[in-house]
Protein chains: 2
Amino acid sequence: MRDLDITEVARRSGVPASTLRFYEGKGLLASTGRRGLRRLFAPDVLERLALISLGRAAGFSLDDIAHMFAPDGRLRIDRPLLVAKAEELDRTIRELGIMRDGLRHAAVCPAPSHLECPTFRRILRAAASAPTTGARRKRTPRR
Amino acid sequence: MRDLDITEVARRSGVPASTLRFYEGKGLLASTGRRGLRRLFAPDVLERLALISLGRAAGFSLDDIAHMFAPDGRLRIDRPLLVAKAEELDRTIRELGIMRDGLRHAAVCPAPSHLECPTFRRILRAAASAPTTGARRKRTPRR
DNA sequence: GCTTGACCTCAAGTCGACTTGAAGTGGCAC
DNA sequence: GTGCCACTTCAAGTCGACTTGAGGTCAAGC
């Protein structure tokens, strides 16, 4: 398959051209050349974008992700790092589970004030003792 | 119990004084007066801070949370909103579970390149089709 | 050959939740 | 009465991941 121009990559991957340029600047992506001014990318850039998306979904920063690619472009997997991140995710999942249950409870709880409900108070204590800042929600960039 | 000065509230709640001032500016908190320049807060501000922390942990923005307090300071629960947030959390939890399993797998997978591992490729596709941006991790404010 | 329009660069802006810094003030100990 | 110091205000800075805007360029179609 021939190289793809940036618009084509954007179309196929769903990643905006501005983001592709940004990623290239960050070293996450490499263009293979130009047609005129226009960047060209090797077809495997699509796989690379999927990897980046995967890393983001797992909670890695772009800088983290950049380090996971060897200079030759192959994956350089740091197993302990992955395990650590998995454990972090696990903790987050448990916390979010508590929050979800708490919300569902609050939505149906008949106590006159939530502050009088034992279940709610328990959740409140859990939140108060939670790290520093709660879990971040996904940005929904609202195109 | 007497009113607490801002330093005392910070000490008891673990929330920095700068944040307390910031929250007051946002309307999330109300001070009851001053001793000299120094803000005083009613003791129940601690419960309020726990509620704010709970809301943050559940993924609400500060503005969302501000709307959950009636002008008189009591909780004003919007049940459909809570249910919607619970469902959103549920989706996030499921996605994070997939990511966690993927990470654990990647950490032990013996395939020469992860790209050749069927499990990894399946996860990759899942990530590629995920919304727009993956789940946000919690900020660890790093003193 | 000239227009057109989509790309280009680079700097600056955005968003949310705070933090930081400079300059000011007031209660309390001496 | 006076010095200290922790508080005060307000504006600006930070962080991460992008987006947006102004001004420039080039391949292609007419």
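A, B, ... follow the sequence lines: proteins, then strands. Residue 1 opens every chain. Scope of the values below: all heavy atoms of this structure, side chains included, with no hydrogens, waters or symmetry mates.
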Report summary line: Walking DNA chain D from its 5' end, the first of A/G36 and A/S18 to be reached, judged by nearest nucleotide, is A/S18
Expressed as a whole number of angstroms, how long is the span from [X]:[atom1] to [N]:[atom2]?
| X | N | atom1 | atom2 | answer |
| --- | --- | --- | --- | --- |
| A/L29 | D/dC18 | CG | C1' | 14 Å |
| B/D63 | C/dG16 | CG | P | 7 Å |
| A/K26 | D/dT19 | NZ | C1' | 15 Å |
| A/F22 | C/dA11 | CZ | P | 15 Å |
| B/D64 | C/dG16 | CG | P | 10 Å |
| B/L20 | C/dA17 | CG | P | 16 Å |

Donor-acceptor contacts, no H, no angles, side chain residues 14-22 of chain A, under 3.5 Å, sequence neighbours left out:
none

So, is [X] near the phosphate of [N], with a side-chain N or O under 4.0 Å from OP1 or OP2?
| X | N | answer |
| --- | --- | --- |
| A/Y23 | D/dC18 | yes |
| B/R56 | C/dA17 | yes |
| B/T19 | C/dT19 | yes |

**Report entry** salt bridge (charged side-chain N to carboxylate O under 4.0 Å, His left out) partners of A/R104, counting only residues at least two apart
**Finding:** B/D90
Requested in this report: Sorted by first residue and then second, give each ring-ring contact (aromatic ring centres under 6.0 Å, His included) pair with at least one member in residues 66-109 of chain A; sequence neighbours left out.
Outcome: none
Query raised in the report: CZ of B/R76: more than 12 outside heavy atoms within 6.0 angstrom?
Result: yes
Query - Within 6.0 Å of CZ in A/R79, more than 12 heavy atoms from elsewhere - result: yes
Report task. For A/H114, check ring pair (Phe, Tyr, Trp, His ring centres under 6.0 Å) against everything at least two apart and list the hits. Result ->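 Expected list: A/F120.
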Taking N or O atoms only and anything under 3.5 Å, show me the protein contacts with nucleotides 2-10 of chain D, one pair per line.
| residue | atom | partner | partner atom | Å |
| --- | --- | --- | --- | --- |
| D/dC7 | OP1 | B/T7 | OG1 | 2.0 |
| D/dT8 | OP1 | B/R39 | N | 2.8 |
| D/dT8 | OP1 | B/R39 | NH1 | 3.1 |
| D/dT8 | OP2 | B/R21 | NH1 | 2.1 |
| D/dT8 | O3' | B/R34 | NH1 | 3.3 |
| D/dT9 | OP1 | B/R34 | NH2 | 2.8 |
| D/dT9 | OP1 | B/R39 | NH2 | 3.2 |
| D/dT9 | OP2 | B/R39 | NH1 | 3.0 |
| D/dT9 | OP2 | B/R39 | NH2 | 2.6 |

Query raised in the report: Under the salt bridge (charged side-chain N to carboxylate O under 4.0 Å, His left out) rule, what pairs show up with a residue in residues 111-122 of chain B, not counting sequence neighbours?
Result: A/E47-B/R121
Query raised in the report: Looking for any heavy atom pair under 4.0 Å, which part of the strands does A/S61 touch: base, sugar-phosphate only, or nothing?
Result: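 Sugar-phosphate contact only.
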Query raised in the report: Looking at the side chain of A/L62, which of D/dT19, C/dC18, D/dC18 is the nearest nucleotide?
Result: D/dC18
